[in-house]
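Input: a single structure, listed below in structure tokens.
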Amino acid sequence: MVSGGSGFLGSHLCERLLADGHDVLCVDNFFTGSKANVAHLLKDPHFELMRHDITFPIYVEVDEIYNLACPASPVHYQFDPVQTTKTSVHGAINMLGLAKRLKAKILQASTSEVYGDPEVHPQPESYLGRVNPVGPRSCYDEGKRCAETLFFDYWRQHRLRIKVVRIFNTYGPRMHPNDGRVVSNFIMQALRGEDITIYGDGTQTRSFCYVDDLIEAMVGVMATPDEFTGPINIGNPQEFTIRELAEHILRLTESRSKLAFKPLPADDPKQRRPDIGLAKDVLGWSPTIELGEGLERTIRYFRGKL
Ligand code: NAD
Ligand code: UDP
Ligand code: UDP
């Protein structure tokens, strides 16, 4: 089962699990995902799509659960922040209750946002983070932190088999073109010849992982021995400033868009880069797709959309 399976990452995960020979149940309320993302899978008899909001209980029979349901872009998770926290917290409780009844293995799609605006760089899993509990990003950050707490309490209290993956900024085809994330925004703006909106002075950094690398690691984490719970960072440690990203996208699209500087949103982390030492040790994994190559594939997808 993949909750949030018709979203950006979820749809790639469903595809991958089908290719590996699994039966896949995709559960999604289509808040930010869409049927179009999985339409090509509907004819596969091993694929099933179910409209459901995970803040409500669900009774199905599965043996592995990937819990990805949650809006992920700041624009979408701040649209209805109470629902965002409910999705992370009530959603996690329902998914964990389901896993407990079924004795199923369960993986949580957590996030680098649990580190907040970090004072340790790059961020190892042992870093406890610096998160504002009362800001506009808190519904997401604290919701995801609480979900991690629930996972570890179900592990300690009910001996559930859990895996917690902390995902760093990931991009690729099927990102929502209007979700406001930096890669989709810049590519759409560049392709349309509109201004590239840089928030702040563009010196803040992020590390961008191409979706295929992320999915490879996620499936790898699910297959680790039961003793391994994580949390484990997954991301690409190559770090870029937002301005560098804009310039890269302008080059690749041969766009004549201009850079336009806008105010920096509240609590926007100044730097972010994963320490992926644990993933290298445990999974023998590291990302293989360079930013340029991943951006080219993503640009091709968005060109097709236009
Ligand atoms: P996305 O918005 O494309 O996918 C989220 C999916 O969850 C959507 O299909 C949405 O409709 C669904 N959903 C939302 N609320 C739901 C609910 N209450 N019940 C059922 N379905 C619901 O985002 P994504 O980038 O694919 O992110 C997937 C997961 O990975 C999220 O949990 C996100 O927090 C996590 N993550 C993503 C990134 C990234 O860079 N893409 C980084 C860190 C963590
Ligand atoms: N739950 C679910 N599907 C199941 C089993 C449980 O959705 O197959 C939900 C149920 O609604 C419950 C939550 O998961 O509220 C937590 O379940 P748990 O067994 O941990 O707690 P309890 O049922 O004792 O509240
Ligand atoms: N950003 C930007 N212009 C945009 C969208 C985002 O400069 O049009 C910046 C944003 O302020 C942040 C970075 O790009 O510093 C990454 O933003 P995103 O929303 O993609 O992810 P997150 O902040 O959750 O890492």
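Counting starts at 1 for both ligands and their atoms, in listed order. Values reported hereafter were calculated over all heavy atoms of this structure, with side chains retained and with hydrogens, waters and symmetry mates removed.
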Run the salt-bridge test on Arg297 and Glu293 with the 4.0 Å N-O cut-off and return the result as yes or no.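 Yes, this pair counts.
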
Is the contact between [X] and ligand 1 made by the side chain, the backbone, both, or neither, using heavy atoms and a 4.0 Å cut-off?
{"X": "Ser110", "value": "backbone"}
{"X": "Ile167", "value": "both"}
{"X": "Gln83", "value": "side chain"}
{"X": "Tyr171", "value": "neither"}
{"X": "His52", "value": "backbone"}

Give the single entry among His90, Lys100, Glu61 that approaches atom 24 (O) of ligand 2 most closely by any heavy atom.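 Nearest option to atom 24 (O) of ligand 2, by heavy atoms: Lys100.
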
Select the closest option to atom 5 (C) of ligand 1 among Cys70, Gly4, Gly7, judged by heavy-atom distance.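 Among Cys70, Gly4, Gly7, the closest heavy atom to atom 5 (C) of ligand 1 belongs to Cys70.
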
Which of parallel (below 30°), tilted (30 to 60°) and perpendicular (above 60°) describes His158 and Tyr154?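 His158 vs Tyr154 ring planes: tilted.
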
Between His248 and Phe240, what is the ring plane arrangement, given parallel below 30°, perpendicular above 60°, and tilted in between?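 Ring orientation, 0 to 90° scale: perpendicular.
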
Quick one: which ligand 3 atoms are inside 4.0 Å of a heavy atom on [X]?
{"X": "Ile198", "value": "7 (O)"}
{"X": "Asn185", "value": "4 (C), 5 (C), 8 (O)"}
{"X": "Gln204", "value": "9 (C), 11 (O), 15 (O)"}

Check [X] against ligand 3 and report side chain, backbone, both or neither, counting heavy atoms closer than 4.0 Å.
{"X": "Arg181", "result": "both"}
{"X": "Asn169", "result": "side chain"}
{"X": "Val182", "result": "both"}
{"X": "Gln189", "result": "neither"}

Check this for me - ligand 1, [X], N or O atoms closer than 3.5 angstrom, yes or no?
{"X": "Thr55", "answer": "no"}
{"X": "Asn29", "answer": "yes"}
{"X": "Asp53", "answer": "yes"}
{"X": "Phe8", "answer": "yes"}
{"X": "Gly33", "answer": "yes"}

Among all the protein's non-hydrogen atoms, which is closest to [atom], and how far away is it?
{"atom": "atom 3 (N) of ligand 3", "value": "Thr197 O, 2.6 Å"}
{"atom": "atom 37 (C) of ligand 1", "value": "Leu9 CD1, 3.7 Å"}
{"atom": "atom 5 (C) of ligand 3", "value": "Tyr199 CE1, 3.3 Å"}
{"atom": "atom 15 (O) of ligand 3", "value": "Asp268 OD1, 2.6 Å"}
{"atom": "atom 4 (C) of ligand 2", "value": "Tyr59 CE2, 3.3 Å"}
{"atom": "atom 40 (O) of ligand 1", "value": "Thr170 N, 2.8 Å"}
{"atom": "atom 9 (C) of ligand 2", "value": "Asn94 OD1, 3.4 Å"}
{"atom": "atom 13 (C) of ligand 3", "value": "Ile242 CD1, 3.7 Å"}

Is there at least one pair of N or O atoms, one from His158 and one from ligand 2, spaced under 3.5 Å apart?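 Checking ligand 2 against His158, no N or O pair falls under 3.5 Å apart.
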
Is there a polar contact, in the sense of an N or O pair closer than 3.5 Å, between Pro57 and ligand 2? no

Does [X] reach ligand 1, in the sense of a heavy atom lying below 4.0 Å from it?
{"X": "Lys144", "answer": "yes"}
{"X": "Tyr140", "answer": "yes"}
{"X": "Ser3", "answer": "no"}
{"X": "Arg181", "answer": "yes"}

I'd like to know if [X] contacts ligand 3, where contact means a heavy-atom distance under 4.0 Å to any ligand atom.
{"X": "Ser73", "result": "no"}
{"X": "Gly180", "result": "yes"}
{"X": "Lys262", "result": "no"}

Give the numbers and elements of all ligand 1 atoms closer than 4.0 Å to a heavy atom of Asn169. 40 (O)

At the 4.0 Å heavy-atom cut-off, does Tyr154 count as touching ligand 2? yes

Closest non-hydrogen contact found for Arg145 with Val114 is NH1-O, 2.6 Å

Looking at Glu125 and Pro231, what are the two nearest heavy atoms and their distance?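 Looking at all heavy atoms of both residues, the closest pair is CG-O, 3.1 Å.
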
Does the side chain of Met1 reach to within under 4.5 Å of the side chain of Val60, using non-hydrogen atoms?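 Answer yes - side chains close enough.
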
What I want to check is whether the side chains of Gln189 and Thr197 have a donor and an acceptor closer together than 3.5 Å.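 There is such a pair (donor and acceptor under 3.5 Å, judged by atom type) between the side chains of Gln189 and Thr197.
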
Is any heavy atom of the protein nearer than 4.0 Å to atom 11 (O) of ligand 2?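 Yes, at least one protein heavy atom sits under 4.0 Å from atom 11 (O) of ligand 2.
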
Atom 22 (P) of ligand 2 within contact range, any protein heavy atom under 4.0 Å: no

For residues Tyr210 and Tyr171, establish whether the separation of their ring centroids is below 6.0 Å. yes

Take Gln83 and Asp53 through the side chain to side chain donor-acceptor pair (under 3.5 Å) test and state the conclusion after the steps. CA-CA 11 Å; Gln83 172 69 10; Asp53 178 335; 3.3 Å; yes

Candidates Ser207, Cys209, Pro287 - the one meeting side chain to side chain contact (heavy atoms under 4.5 Å, CB included) with Pro237: Pro287

Do any nitrogen or oxygen atoms of Pro265 come within less than 3.5 Å of a nitrogen or oxygen of ligand 3?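 There is no such contact.
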
